[in-house]
Participant: 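Pasting in a structure now, in structure tokens, and then I'll have a few things to ask.
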Amino acid sequence: PGKKVLIVYAHQEPKSFNGALLKVAVEELTKQGCSVTVSDLYAMQFEPRATRNDIVGGLHNSEAFNYGVETWEAYKRRGLSKDLVEEQKKVQEADLLIFQFPLFWFNMPAILKGWMDRVLVQGFAYDLSKAYDGGLLQDKLSLFSFTTGGSQEMYSKGSISGDIRYILWPMQHGIMHFCGVKVLEPHICYAPAWVSEEKRKEMLTAWTQRLKTLWKEEPIDCSPDWYFK
Ligand code: FAD
Ligand code: ZN
């Protein structure tokens with residue numbers, strides 16, 4: 001109760017299964033007394049491209065554009081574009097970040113990847129020698145909640161698609177852990193389009209049930225072993 005949750009949501013259609021997962025999460029967390037903010041990226045027409053437009057005012061080096069350097073410098077002088085500042089404020093205030101999306105090409109949809117690229121700026125999310133356990137977004141939790149087209153069998157070790165954990169390495173370790181954010185077990189709904197209506201209802205109930213005891217969960221040990229052992 002009283003915890004702040006930011007749900008970064010990447011699906012175009014409210015009637016989708018991802019839309020249903022978002023809805024039950026907002027309902028359950030609100031019921032618990034959490035304050036829930038949703039960044040509905042497609043509805044916001046969130047800009048995924050990392051460009052010059054993210055810097056307000058003059059560039060640090062206008063001869064040769066370097067996105068990482070320019071956003072870092074702009075962050076320090078409070079010169080990042082308004083949409084980025086707003087997202088950073090939501091992240092800063094949140095105790096828990098939930099990412100809700102359909103798996104696209106073994107990864108997050110481009111619009112969500114663009115959110116990561118643009119919001120988690122140097123100086124804000126990490127800095128020189130302030131990465132991984134020293135990252136700047138400590139005392140926060142993250143949870144990747146996503147759906148797939150492939151079945152659970154396809155995403156097991158030794159199967160055609162390999163262990164689903166291989167896919168989580170860049171997202172959980174490369175992004176969240178790098179920024180100092182702790183990682184909870186992912187929540188994966190396999191192949192919602194290919195199972196029965198009854199099974200889909202069960203998946204929605206399972207997500208609600210998990211959220212009921214979420215605050216008692218321990219983060220995973222986010223080291224190479226968790227992913228590749
Ligand atoms: P939907 O198709 O919206 O929903 C499935 C079913 O649930 C629908 O029948 C819907 O009506 C129903 N539903 C909605 N709400 C409810 C409710 N409240 N109760 C019960 N039923 C409900 N998959 C992979 O595994 N690996 C990949 O690499 C991959 N790459 C992709 C790349 C692209 C570009 C695209 C477009 C898809 C890719 N996919 C991949 C498939 C994709 O991950 C799935 O299509 C997606 O995860 C399904 O989620 P959804 O929310 O869109 O489902
Ligand atoms: Zn890690």
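Counting starts at 1 for both ligands and their atoms, in listed order.
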Participant: Is it the case that the side chains of Gln172 and Tyr227 hold a donor-acceptor pair, with the cut-off being a distance below 3.5 Å and no angle test?
Facilitator: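 Present: a donor and an acceptor within the cut-off.
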
Participant: Are Lys113 and Trp115 in a cation-pi contact, defined as NZ or CZ under 6.0 Å from the six-membered ring centre and within 45° of the axis?
Facilitator: no

Participant: Quick one: look at Lys23 and ligand 1, take heavy-atom pairs under 4.0 Å, and tell me if it's side chain, backbone, both or neither.
Facilitator: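 Contact part for Lys23 vs ligand 1: neither.
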
Participant: Among protein heavy atoms, which sits nearest to atom 17 (C) of ligand 1, and what does the distance come to when rounded to 0.1 Å?
Facilitator: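 Scanning the protein heavy atoms, the shortest distance from atom 17 (C) of ligand 1 goes to Leu204 CD1, 3.7 Å.
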
Participant: If you look at every heavy atom in Gln138 and Asp133, which pair is closest and at what distance?
Facilitator: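 Closest heavy-atom pair between Gln138 and Asp133: NE2-O, 2.9 Å.
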
Participant: Tell me, with the steps shown, if Glu27 and Lys23 meet salt bridge (charged side-chain N to carboxylate O under 4.0 Å, His left out).
Facilitator: CA-CA 6 Å; Glu27 284 169 2; Lys23 190 162 170 278; 3.4 Å; yes

Participant: Could you tell me which atoms of ligand 1, counted from 1 in the order shown, lie closer than 4.0 angstrom to a heavy atom of Thr147?
Facilitator: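 Those qualifying, in numeric order: 43 (O), 46 (C), 47 (O), 48 (C), 49 (O).
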
Participant: Provide the number and element of each atom of ligand 1 under 4.0 Å from a heavy atom of Asn18.
Facilitator: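 Close to Asn18: 49 (O), 50 (P), 51 (O).
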
Participant: Quick one: look up the protein heavy atom nearest atom 12 (C) of ligand 1 and list residue, atom name and how far away it is.
Facilitator: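 It is Arg200 NE, 3.5 Å.
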
Participant: For Glu197, counting its heavy atoms only, list the atoms of ligand 1 lying under 4.0 Å from any of them.
Facilitator: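 Within the 4.0 Å cut-off of Glu197, ligand 1 contributes 20 (C), 21 (N).
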
Participant: Where is the nearest protein heavy atom to atom 52 (O) of ligand 1: which residue, which atom, and how far?
Facilitator: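 Checked against all protein heavy atoms, atom 52 (O) of ligand 1 sits closest to His11 NE2, 2.8 Å.
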
Participant: Any N or O on Leu103 sitting closer than 3.5 Å to an N or O of ligand 1?
Facilitator: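 Yes, there is a polar N/O contact under 3.5 Å.
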
Participant: Quick check on contacts: which atoms of ligand 1 are under 4.0 angstrom from a heavy atom of Ser16?
Facilitator: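 Selected atoms, number and element: 3 (O), 14 (C), 15 (N), 51 (O).
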
Participant: What's the shortest heavy-atom distance between Trp169 and Ser223, and which atoms?
Facilitator: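 Smallest interatomic distance, heavy atoms only, reads CZ3-C, 4.4 Å.
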
Participant: Distance under 4.0 Å to a non-hydrogen atom of Gly150: what atoms of ligand 1 satisfy this?
Facilitator: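 Per the distance check, 24 (C), 25 (O).
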
Participant: What residue and heavy atom of the protein are closest to atom 36 (C) of ligand 1, and at what distance?
Facilitator: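 Among all protein heavy atoms, the one nearest atom 36 (C) of ligand 1 is Phe104 CE1, 3.7 Å.
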
Participant: Report yes or no: do Trp207 and Glu28 form a side-chain donor-acceptor pair below 3.5 Å?
Facilitator: no

Participant: Checking Lys89 now: which residues fulfil side chain to side chain contact (heavy atoms under 4.5 Å, CB included) with it, not counting sequence neighbours?
Facilitator: Glu93

Participant: Using a plain distance cutoff, I'd like to know if Phe106 has any nitrogen or oxygen under 3.5 Å from a nitrogen or oxygen of ligand 1.
Facilitator: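 N/O-N/O distance below 3.5 Å exists for this pair.
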
Participant: Only one of Trp226, Phe178, Tyr132 passes ring-ring contact (aromatic ring centres under 6.0 Å, His included) with His173; say which it is.
Facilitator: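 Answer to the ring-ring contact (aromatic ring centres under 6.0 Å, His included) test with His173 among Trp226, Phe178, Tyr132: Tyr132.
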
Participant: State if Tyr155 counts as touching ligand 1 under the rule of any non-hydrogen atom under 4.0 Å.
Facilitator: yes

Participant: What protein heavy atom sits nearest atom 27 (C) of ligand 1, and how far away is it?
Facilitator: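 Ranking protein heavy atoms by distance from atom 27 (C) of ligand 1, first comes Trp105 N, 3.6 Å.
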
Participant: His173: which N/O/S atom is nearest the Zn ion (ligand 2)?
Facilitator: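 The Zn ion (ligand 2) is closest to the His173 atom ND1, counting only N, O or S.
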
Participant: Would you say that more than 12 heavy atoms from the other residues, nucleotides or ligands in this model lie under 6.0 Å from the CZ of Arg49, or not?
Facilitator: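 No, because the 6.0 Å sphere around CZ of Arg49 holds 12 heavy atoms or fewer from other groups.
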
Participant: Does one side chain, of Gln92 or Gln88, offer a donor that lies under 3.5 Å from an acceptor on the other?
Facilitator: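 Note: Gln92 and Gln88 side chains miss the donor-acceptor criterion.
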
Participant: Tell me, which N, O or S atom in His177 is closest to the Zn ion (ligand 2)?
Facilitator: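 For His177, the N/O/S atom sitting closest to the Zn ion (ligand 2) is ND1.
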
Participant: Report yes or no: do Thr205 and Thr208 form a side-chain donor-acceptor pair below 3.5 Å?
Facilitator: no

Participant: Please check if a non-hydrogen protein atom sits closer than 4.0 Å to atom 45 (O) of ligand 1.
Facilitator: no

Participant: Just jot down the ligand 1 atoms closer than 4.0 angstrom to any heavy atom of Ala193, in number order.
Facilitator: 5 (C)

Participant: If the cut-off is 4.0 Å to any non-hydrogen atom of Pro102, which atoms of ligand 1 fall inside it?
Facilitator: 46 (C), 47 (O)

Participant: Can you list the ligand 1 atoms lying under 4.0 Å from a non-hydrogen atom of Gly149?
Facilitator: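 Once the distances to Gly149 are compared, the set is 23 (N), 24 (C), 25 (O), 41 (C), 42 (C), 43 (O), 44 (C).
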
Participant: Note the single closest protein heavy atom to atom 10 (C) of ligand 1, along with its residue, its atom name and the distance in Å.
Facilitator: Lys15 O, 4.4 Å

Participant: Between Asn107 and ligand 1, find which residue part has any heavy-atom pair under 4.0 Å and reply side chain, backbone, both or neither.
Facilitator: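 Neither part.
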
Participant: Just verifying a value: how many Å separate Asp127 CG and Gln122 CD, rounded to the nearest 0.5 Å?
Facilitator: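 So the CG of Asp127 and the CD of Gln122 are separated by 5.0 Å.
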
Participant: Cation-pi check, Arg118 to Tyr67: give yes when NZ or CZ is under 6.0 Å from the six-membered ring centre and within 45° of the ring axis, no otherwise.
Facilitator: no

Participant: Suppose we screen for salt bridge (charged side-chain N to carboxylate O under 4.0 Å, His left out). Which residues come up paired with Glu197, at least two apart in sequence or across chains?
Facilitator: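 For Glu197, the residues satisfying salt bridge (charged side-chain N to carboxylate O under 4.0 Å, His left out) (neighbours in sequence not counted) are Arg200, Lys201.
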
Participant: Would you tell me whether Ser142 and Lys182 have side-chain atoms, one donor and one acceptor, within less than 3.5 Å of each other?
Facilitator: no

Participant: Which of these, Phe146, Phe17, Phe101, has its nearest heavy atom closest to atom 4 (O) of ligand 1?
Facilitator: Phe17

Participant: Counting only heavy atoms, which portion of Glu13 has something under 4.0 Å from ligand 1: side chain, backbone, both, or neither?
Facilitator: neither

Participant: Do any non-hydrogen protein atoms sit less than 4.0 Å from atom 8 (C) of ligand 1?
Facilitator: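 Within 4.0 Å: no protein heavy atom nearby.
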
Participant: Which residue and non-hydrogen atom of the protein lie closest to atom 19 (N) of ligand 1, and at what distance in Å?
Facilitator: Lys201 NZ, 3.0 Å

